[in-house]
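In what follows, every heavy atom counts, from backbone to side chain, and hydrogens, waters and symmetry copies are set aside. Numbered from 1 within each chain, the chains take letters A, B, ... in sequence-line order. Being a predicted model, the structure only gives us computed values, none of them experimental.
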There are 2 protein chains.
Amino acid sequence: MSERRVTMADVARRAGVSPTTASFALSGRTDMRISDASRERVLAAARDLGYRPNVTARSLRTKSTQTIGLVSDRITTTPFAGEVIRGAMEAARERDHLLFITEAGGDRAAESSLVHALLDRQVDAVVYASMFTRYVTPPKELFGRRVVLLNCLAPDFDAPSVVPDEFEAGRDAARALLAAGHTEGIWAIGGHQAVPATPEGIIAGNERMRGLEEVLREGGARLEGVIECDWDTLDGHREVSALLAAGHRPRALVCLADRVSFGAYQALGEAGLSVPGDVSVISFDDQDIASVLRPALTTLRLPHYRLGHLAMELILRPGPLEAVVHRVPMPLQSRASLAAPTSG
Amino acid sequence: MSERRVTMADVARRAGVSPTTASFALSGRTDMRISDASRERVLAAARDLGYRPNVTARSLRTKSTQTIGLVSDRITTTPFAGEVIRGAMEAARERDHLLFITEAGGDRAAESSLVHALLDRQVDAVVYASMFTRYVTPPKELFGRRVVLLNCLAPDFDAPSVVPDEFEAGRDAARALLAAGHTEGIWAIGGHQAVPATPEGIIAGNERMRGLEEVLREGGARLEGVIECDWDTLDGHREVSALLAAGHRPRALVCLADRVSFGAYQALGEAGLSVPGDVSVISFDDQDIASVLRPALTTLRLPHYRLGHLAMELILRPGPLEAVVHRVPMPLQSRASLAAPTSG
DNA sequence: ACACCTTGCTAATCCGATTTAGCTGAACGG
DNA sequence: CCGTTCAGCTAAATCGGATTAGCAAGGTGT
């Protein structure tokens with residue numbers, strides 16, 4: 001891409017030293033003796049010429065490209081996935097690394113070919129990411145490589161995982177409910193289900209429900225009912241409408257995803273019930289919409305930025321990677337949809 | 001990253017030819033004569049050994065890395081920006097290129113340093129992207145380089161731009177309104193304003209308004225009023241509430257962004273007005289939320305995927321780039337919020 | 001029979017860095 | 001005065017390919 005770049009040979013020539021000396025002076029290595037005078041001259045020459053090392057050339061020798069690859073199933077499906085990338089990117093930048101982004105769209109062949117494309121470019125490591133928490137089997141090309149699993153788990157694959165702490169989030173939801181005084185009329189909408197097509201897709205649902213029920217029980221409360229449905233606005237609307245039509249009068253709704261909450265809001269509104277006056281709502285995810293709903297939604301936030309950041313941090317941390325599961329807390333975003341139950 | 005890779009020398013050895021012959025056989029070049037027998041043996045050896053060329057090494061000689069860099073102000077601010085990246089990525093992949101993603105967050109120094117990081121890695125070209133349409137001044141490091149401006153304009157910079165066709169979208173909004181029979185009581189909410197902090201940020205607003213008013217006028221209609229406000233849910237809610245409180249009874253609202261529409265929906269609902277029964281709403285952007293609102297929002301879609309795709313296509317198209325502005329159509333998503341005005 | 005092409009291949013160089021091996025001159029010790 | 005040590009540097013090899021220059025064998029034309 002245009003204009004001959006200044007090379008180290010140019011710098012060496014201008015400083016009146018050999019390329020070897022220039023190299024050592026510039027890299028600041030001390031195992032080869034360079035006089036202060038020479039070093040200064042090299043540094044000055046580099047500065048004057050605006051020298052920048054050719055990372056590609058260096059990589060050929062050093063085997064390190066300062067480049068990380070990210071392979072994901074889908075980047076754009078979930079609207080907040082960008083935060084994952086941003087987290088990874090910023091962590092990379094803090095250590096002078098750059099990020100290749102790829103997306104296989106769930107296609108195994110495409111995935112393999114993308115991993116090859118990354119390896120052909122000598123990436124130092126790969127982040128293998130899923131856009132919702134689930135079990136995966138990374139392509140065989142990644143075996144034995146430096147890999148971190150992001151938002152997914154692979155028991156047979158020797159690599160660390162970074163996932164949201166769904167279980168603790170479930171517990172926190174229950175704690176918030178109890179703290180507000182809710183012990184009766186609590187319904188879970190969305191239940192254990194996540195994505196219908198993916199049997200393993202129920203990690204988030206299961207964990208959230210497990211934590212929720214556990215702390216509720218400890219607090220002497222319990223769920224009045226669990227409604228299993230897909231995690232979407234339409235489903236939330238349909239199920240909550242049905243619930244109300246059946247004569248139930250919930251005091252608190254635990255929606256397993258913000259999209260479900262939005263549907264619940266709509267159903268509640270149509271039935272003339274107010275949030276949180278008549279019914280409290282607590283939710284999971286903290287999508288954009290959560291803060292814009294009226295009333296603003298109290299929800300447990302999926303820590304996408306931190307997920308991406310931590311995955312990259314692990315990769316760039318020196319030393320071998322340990323196959324540990326790192327659970328990132330899901331902070332409670334306390335907003336307006338949760339309040340004390342009205343007596344009666 | 002582990003395991004010695006098979007090199008071309010290995011392939012040549014196994015095929016019993018020189019590396020030169022292997023190179024020519026593998027690249028399929030015809031300007032050097034290689035017998036069919038030799039070629040076959042090289043190809044077979046490569047296949048047997050699972051040979052993959054080291055792109056980094058090749059780049060050193062050829063100056064082409066099959067790698068494109070993307071520099072943006074913010075990737076995650078707008079929830080649909082992921083589609084831009086996906087479009088660019090897929091276009092890149094169609095031509096066996098990979099994409100570096102970087103984000104400067106509006107910081108000029110960071111931007112320069114990221115561009116350097118890209119150039120140090122010998123990217124073949126750079127996509128300079130903004131997350132909302134505006135005038136920009138790319139960093140000087142990009143002058144003379146192969147660059148495409150994505151979602152932004154820079155008159156003094158010799159490079160093509162790819163932007164949404166906001167003007168035509170405004171015209172299409174007007175056409176949709178007229179086709180539904182609206183000629184009176186049409187209000188624009190959001191007006192020319194876009195982002196308060198950015199004086200150049202009004203391109204989208206200006207163009208949309210210009211197209212809208214032009215076609216309305218041609219159709220013998222006109223706007224009853226234009227309300228200038230920021231493009232956010234809160235603003236939409238506040239302004240529409242105020243409008244109704246002032247005794248106005250709009251028949252159609254043109255919201256300059258979906259977020260504004262959402263606020264308008266809330267205000268309308270609170271006032272007991274139904275969409276589209278009492279008031280029609282047409283909007284711009286087509287964010288996720290648009291299809292999930294009740295009734296689903298009729299809106300002119302920002303063609304993010306195509307924007308990203310076209311930018312990358314231009315870059316990968318052989319030959320020099322021409323400093324032309326490419327306008328990508330914003331398709332009308334006809335949903336339920338626009339209907340004929342009720343008489344009376 | 002000799003100059004002249006072709007064909008089919010290889011040796012050597014290059015790309016821009018890093019790194020290893022080795023060389024030179026001064027200081028030092030005895 | 002001679003061998004040793006050490007500071008300070010350079011030549012050359014290396015990484016994995018692409019590319020240029022050139023060479024040997026066989027065929028052609030005259």
* Asked: What closest approach, in Å, do D124(A) and Q66(A) show between heavy atoms, and which atom pair accounts for it?
  -> OD2-N, 2.8 Å
* Asked: Atom CD1 of I34(A) to atom C1' of dT18(C): distance rounded to whole Å?
  -> 13 Å
* Asked: Is the F143(B) ring parallel, tilted or perpendicular to the F157(B) ring (thresholds 30°, 60°)?
  -> perpendicular
* Give S35(B) one of three labels, base, sugar-phosphate or nothing, depending on what nucleic acid heavy atoms sit under 4.0 Å from its own. => sugar-phosphate
* To do: Verify the contact: side-chain N or O of R5(A) to OP1 or OP2 of dC15(C), cut-off strictly under 4.0 Å; return yes or no.
  => no
* D36(B) has an atom CG; how far is it from atom P of dT7(C), in whole Å? -> 13 Å
* To do: Kindly confirm or rule out a cation-pi arrangement of R134(B) over F132(B), judged by NZ or CZ under 6.0 Å from the six-membered ring centre and within 45° of its axis?
  => yes
* Asked: Rounded to whole angstroms, how far apart are CZ on R58(B) and C1' on dC15(C)?
  -> 14 Å
* To do: In sequence, state the C-alpha distance, the side-chain angles, and the governing distance for R108(A) and T137(A), and then conclude on side chain to side chain contact (heavy atoms under 4.5 Å, CB included).
  => CA-CA 10 Å; R108(A) 296 294 285 179; T137(A) 56; 3.6 Å; yes
* To do: Would you classify T62(A) as touching base, sugar-phosphate or nothing, given that sugar-phosphate means primed atoms plus P, OP1 and OP2, and contacts are heavy atoms under 4.0 Å?
  => sugar-phosphate
* What is the distance, rounded to the nearest whole Å, between atom CZ of F24(A) and atom P of dG22(C)? -> 15 Å
* To do: Describe the nucleic acid contact of T20(A) in one word from base, sugar-phosphate, nothing, applying a heavy-atom distance below 4.0 Å.
  => base
* Structure fact -> When rounded to whole Å, the NZ to C1' distance for the pair K63(A) and dG16(D) reads 7 Å
* Structure fact -> With the side chain defined as heavy atoms from C-beta on, R33(B) is closest, among dC9(D), dT10(C), dG8(C), to dG8(C)
* **d(CG, L60(A); C1', dT19(C)) in whole Å** => 13 Å
* Side chain of S18(A) (C-beta onward), nearest among dG16(C), dT19(C), dT10(D) -> dT10(D)
* **Residue M8(A), side-chain atoms from C-beta onward, closest of dA17(C), dT20(D), dG16(D)** => dA17(C)
* To do: For the side chain of V17(B), starting at C-beta, report the closest nucleotide among dC14(C), dT10(C), dG16(C).
  => dT10(C)
* **Heavy-atom closest pair, residues V147(A) and P160(A)** => O-CD, 3.6 Å
* Asked: Within the structure shown, what part of the strands sits under 4.0 Å from S38(B) by heavy-atom distance: base, sugar-phosphate, or nothing?
  -> sugar-phosphate
* For the side chain of R61(A), starting at C-beta, report the closest nucleotide among dA17(C), dC9(C), dG17(D). => dA17(C)
* What is the nucleic acid contact for S27(B), judged by heavy atoms within less than 4.0 Å: base, sugar-phosphate only, or nothing? -> nothing
* On DNA chain D, nearest-nucleotide positions of M32(B) versus N54(B): which is more 5'? -> N54(B)
* **Closest-nucleotide ordering on DNA chain D, the 5'-leading residue of D31(B) and R52(B)** => R52(B)
* Does a side chain donor of either S18(A) or T21(A) reach within less than 3.5 Å of an acceptor in the other side chain? -> yes
* To do: Kindly say if Y51(A) contacts the phosphate of dG16(C), meaning a side-chain N or O under 4.0 Å from OP1 or OP2.
  => no
* Is any side-chain nitrogen or oxygen of T7(A) closer than 4.0 Å to OP1 or OP2 of dG16(C)? -> no
* Asked: If you look at every strand shown and take non-hydrogen atoms under 4.0 Å, does R39(A) touch a base, only sugar-phosphate, or nothing?
  -> nothing
* Asked: Taking CZ from R29(B) and C1' from dA18(D), how many angstroms apart are they, rounded to a whole number?
  -> 8 Å
* Asked: Which whole-number value in Å describes the distance from D10(B) CG to dG16(D) P?
  -> 9 Å
